Amino acid sequence: MATANGVEQVNSLQSICYKRSSLKLLDQRKLPIETAYVDILDTKDGWNAIRDMVVRGAPAIAIAAVLSLAIEVSKLGHYNTPNDAASFLTERLDYLVTSRPTAVNLSDAVTKLKELVQKVASTASEAQTVFEAYLEAAEAMLEEDIATNKAIGSFGASFLQKHQTDPKKISILTHCNTGSLATAGYGTALGVIRAVHEQGLLERAYCTETRPFNQGSRLTAFELVHDKIPATLIADSAAAALMKAGRVNAVIVGADRVAANGDTANKIGTYSLALLAMHHGIPFYVAAPLTSVDLSISSGQEIVIEERSERELLNARGGMGEQVAASGISVWNPAFDVTPATVISGIVTEKGVITKGGSDSFDIKSFVQRASQP
């Protein structure tokens with residue numbers, strides 16, 4: 001079990017193992033064939049682990065990043081002043097945020113931590129006070145993510161039950177991996193599926209293979225089998241046939257960034273599933289913590305989409321195996337696509353489900369304001 005400052009996490013699968021002075025990340029590139037952990041000794045290790053997809057999933061990326069700096073901090077020697085400490089932390093946080101630009105959870109965590117260290121530095125008399133404040137805040141993020149995911153699961157399960165014609169038999173299709181491996185524990189969209197299953201309401205979970213990195217077949221399927229959840233893997237291209245056959249009651253996916261109007265960036269292929277769901281009259285939901293919401297952008301047109309290595313398409317096993325494509329072919333490999341709010345039925349958060357209220361878009365700003373009130 002991972003610990004945050006000595007406090008155990010309750011987790012079905014452990015992707016982040018942390019305690020003061022020690023951080024190990026489950027190498028998700030090797031799953032499900034091999035279970036191996038990578039030691040993270042500093043922010044450079046953290047940056048590389050995120051960029052190389054050792055760890056992935058927006059919440060997990062943020063937590064792994066800030067904890068990699070916590071490891072570096074725990075090994076530092078003497079620093080002269082509180083302002084020196086704050087400057088060091090700010091520089092390292094800015095470096096970490098460049099590892100995966102699309103996932104807003106990382107930039108959100110970095111912004112909050114930078115504000116914290118500057119505030120502490122303004123009144124502290126010793127550099128160590130600033131470092132200790134950072135460590136405590138980073139470790140709190142680890143624990144808070146699990147509680148957030150549990151709340152998302154609970155709200156999502158209740159909402160799905162209320163909006164199904166036969167709430168005792170719900171079959172859900174999901175895409176990519178949004179479970180314990182993508183978060184500190186439990187998961188977002190997969191957390192909703194877990195909660196539905198725990199309540200005895202799940203008929204079957206369907207997961208796409210999620211080409212080209214195969215997060216669905218390697219990771220989501222691994223989690224579903226691990227938790228003994230009734231599940232079936234499908235090819236990405238089989239989703240339309242599955243829906244036409246009447247075997248899907250709802251689609252639920254995660255999000256790396258949600259714009260103010262509800263447009264959502266998620267793993268490539270999400271947009272296709274949303275259009276297929278709309279055509280077949282199937283509700284399409286997004287499950288994400290409020291840290292994935294970016295109110296600074298009005299729509300998905302402003303979201304910068306990361307492009308991945310051409311090897312992920314040219315070679316087997318997401319780029320790590322033998323060549324399977326013709327030599328000389330050009331490649332376009334965007335990591336994400338943007339699903340417009342018009343085809344999203346609701347956004348499940350830890351504070352409740354955001355709905356449209358009769359319009360084509362979501363008033364997410366008002367929801368966040370209400371949710372932040374005591």
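These figures come from a predicted structure and were not determined experimentally.
Residues Val368 and Leu290 have side chains in contact (heavy-atom distance under 4.5 Å, counting atoms from C-beta outward). The shortest distance between side-chain heavy atoms of Thr349 and Phe367 falls below 4.5 Å. No side-chain heavy atom of Thr178 sits less than 4.5 Å from a side-chain heavy atom of Val253. Taking the side chain as every heavy atom from C-beta outward, Asp227 and Arg194 approach each other to under 4.5 Å.
With values rounded to the nearest 0.5 angstrom, Ile40 atom CD1 is found 12.0 Å from Glu72 atom CD. To the nearest 0.5 angstrom, Leu93 atom CG is 9.0 Å from Glu91 atom CD. Distance check, rounded to the nearest 0.5 Å: CD of Gln369 to CD1 of Ile364 gives 12.5 Å. Rounding to the nearest 0.5 angstrom, the gap separating the CZ atom in Arg257 from the CG atom in Asp294 is 4.5 Å. A distance of 5.0 Å separates CG in Leu23 from CD1 in Ile71, rounded to the nearest 0.5 Å. Note: Ile61 CD1 to Thr183 OG1 = 12.0 Å, rounded to the nearest 0.5 Å.
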Criterion side-chain contact (heavy atoms from CB on, under 4.5 Å) on Thr174 and Tyr206, from CA distance to verdict:
CA-CA 6 Å; Thr174 193; Tyr206 291 95; over 6 Å; no

Phe159 and Tyr285: ring pair (Phe, Tyr, Trp, His ring centres under 6.0 Å), yes or no, with the steps?
CA-CA 10 Å; Phe159 190 85; Tyr285 300 107; 5.6 Å; yes

Check step by step if side-chain contact (heavy atoms from CB on, under 4.5 Å) holds for Leu67 and Ile16.
CA-CA 10 Å; Leu67 290 179; Ile16 301 173; 4.0 Å; yes

How far apart are the C-alpha atoms of Val73 and Leu135, what are their side-chain angles, what is the distance that settles it, and do they pass the side-chain contact (heavy atoms from CB on, under 4.5 Å) test?
CA-CA 8 Å; Val73 164; Leu135 286 169; 4.1 Å; yes

Using the side-chain contact (heavy atoms from CB on, under 4.5 Å) rule, take Leu202 and Ile172 through it: C-alpha gap first, then chi angles, then the decisive distance, then the call.
CA-CA 8 Å; Leu202 184 69; Ile172 305 171; 4.1 Å; yes

I'd like to know whether Arg29 forms a salt bridge (charged side-chain N to carboxylate O under 4.0 Å, His left out) with Asp27, so could you lay out the CA-CA distance, the side-chain angles of the two residues, the decisive distance to 0.1 Å, and finally the verdict.
CA-CA 5 Å; Arg29 301 168 301 179; Asp27 191 342; 2.9 Å; yes

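A side-chain N or O of Thr81 and one of Asp84 form a donor-acceptor pair less than 3.5 Å apart. Side-chain N/O atoms of Ser298 and Glu302 include a donor and acceptor closer than 3.5 Å. Defined by atom type and a distance below 3.5 Å, a donor-acceptor pair is present between the side-chain atoms of Asn177 and Glu223.
Residues that satisfy the side-chain contact (heavy atoms from CB on, under 4.5 Å) test with Glu126, not counting sequence neighbours, are Thr129.
Annotation for Pro289 and Thr148: closest pair CB-CG2, 3.7 Å, computed over non-hydrogen atoms. In plain terms, the two heavy atoms of Arg308 and Met53 that are nearest each other are NH2-CG, 3.0 Å. The two residues Thr98 and Trp47 make their nearest non-hydrogen contact at OG1-NE1, 2.8 Å.
Under a 3.5 Å cut-off, the side chain of Arg204 and the backbone N or O of Ser171 do not form any donor-acceptor pair. Here the side chain of Thr43 pairs no donor or acceptor atom with the backbone of Gly46 at under 3.5 angstrom. Asn333 places a side-chain N or O within 3.5 Å of a backbone atom of Ser309 that can act as its donor or acceptor partner. With hydrogens and angles disregarded, a donor-acceptor distance shorter than 3.5 Å links the side chain of His175 to the backbone of Ile268. Ser158 contributes no side-chain N or O that, together with a main-chain N or O of Phe155, makes up a donor-acceptor pair within less than 3.5 Å. Formation of a donor-acceptor pair under 3.5 Å by the Ser345 side chain with backbone atoms of Phe284 is found in this model. Of the possible donor and acceptor atoms, none in the side chain of Asp108 sits under 3.5 Å from a partner among the backbone N and O of Val104. A side-chain donor-acceptor contact under 3.5 Å links Thr111 to the backbone of Ser107. For Asn214 (side chain) and Ser217 (main-chain N/O), no donor-acceptor pair under 3.5 Å exists by modelled atom type. Of the possible polar contacts, one joining the Gln28 side chain to the Leu181 backbone as a donor-acceptor pair under 3.5 Å is found.
In terms of hydrophobic clustering, with Ile, Leu, Val, Met, Phe, Trp and Tyr side chains grouped at heavy-atom distances under 4.5 Å, Phe213 and Leu25 are assigned to different clusters. The hydrophobic clustering, which links ILVMFWY residues whose side-chain heavy atoms are closer than 4.5 Å, places Ile305 and Leu106 apart. In the hydrophobic cluster analysis, where Ile, Leu, Val, Met, Phe, Trp and Tyr join through side-chain heavy atoms closer than 4.5 angstrom, Phe336 is grouped apart from Tyr271. Note on Leu41 and Tyr37: separate hydrophobic clusters, where clusters join Ile, Leu, Val, Met, Phe, Trp and Tyr whose side-chain heavy atoms are under 4.5 Å apart, directly or indirectly.
A 6.0 Å sphere centred on CD of Gln323 holds more than 12 heavy atoms belonging to other residues, nucleotides or ligands. The environment of NZ in Lys351 is sparse: at most 12 heavy-atom neighbours from other residues, nucleotides or ligands sit within 6.0 Å. Sparse packing is recorded around NZ of Lys228, with 12 or fewer heavy atoms of other residues, nucleotides or ligands lying under 6.0 Å away. The number of heavy-atom neighbours closer than 6.0 Å to CG of Asp360, taken from other residues, nucleotides and ligands shown, is 12 or below.
Aromatic ring pairs are classed by plane angle as parallel below 30°, tilted from 30° to 60° and perpendicular above 60°; the pair Phe131 and Phe88 is perpendicular.
Partner of Ile282 under the side-chain contact (heavy atoms from CB on, under 4.5 Å) criterion, chosen from Leu276, Leu273, Val251: Val251.
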Sequence neighbours excluded and cut-off under 3.5 Å, please list the side-chain donor-acceptor pairs for residues 233-241, or say none.
from: Asp236; atom 1: OD1; to: Glu209; atom 2: N; distance (Å): 3.2
from: Asp236; atom 1: OD1; to: Thr210; atom 2: N; distance (Å): 2.7
from: Asp236; atom 1: OD2; to: Arg211; atom 2: N; distance (Å): 2.9

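Ion pairing of Glu203 with Arg247 is absent here, as no side-chain N (NZ or NE/NH1/NH2) approaches a carboxylate O to less than 4.0 Å. A salt bridge is absent between Lys19 and Glu139; no separation between the charged side-chain nitrogens and carboxylate oxygens falls under 4.0 Å. A salt bridge is defined here as a Lys NZ or Arg NE, NH1 or NH2 lying under 4.0 Å from an Asp or Glu carboxylate O, and Arg20 with Glu132 meets this definition.
With a 6.0 Å cutoff to the six-membered ring centre and a 45° limit on the axis angle, Lys150 counts as a cation-pi contact of Tyr186.
Residue pairs that meet the side chain to side chain donor-acceptor pair (under 3.5 Å) test with at least one member in residues 258-267, sequence neighbours left out, are Asn261-Asp263, Asn266-Thr270.
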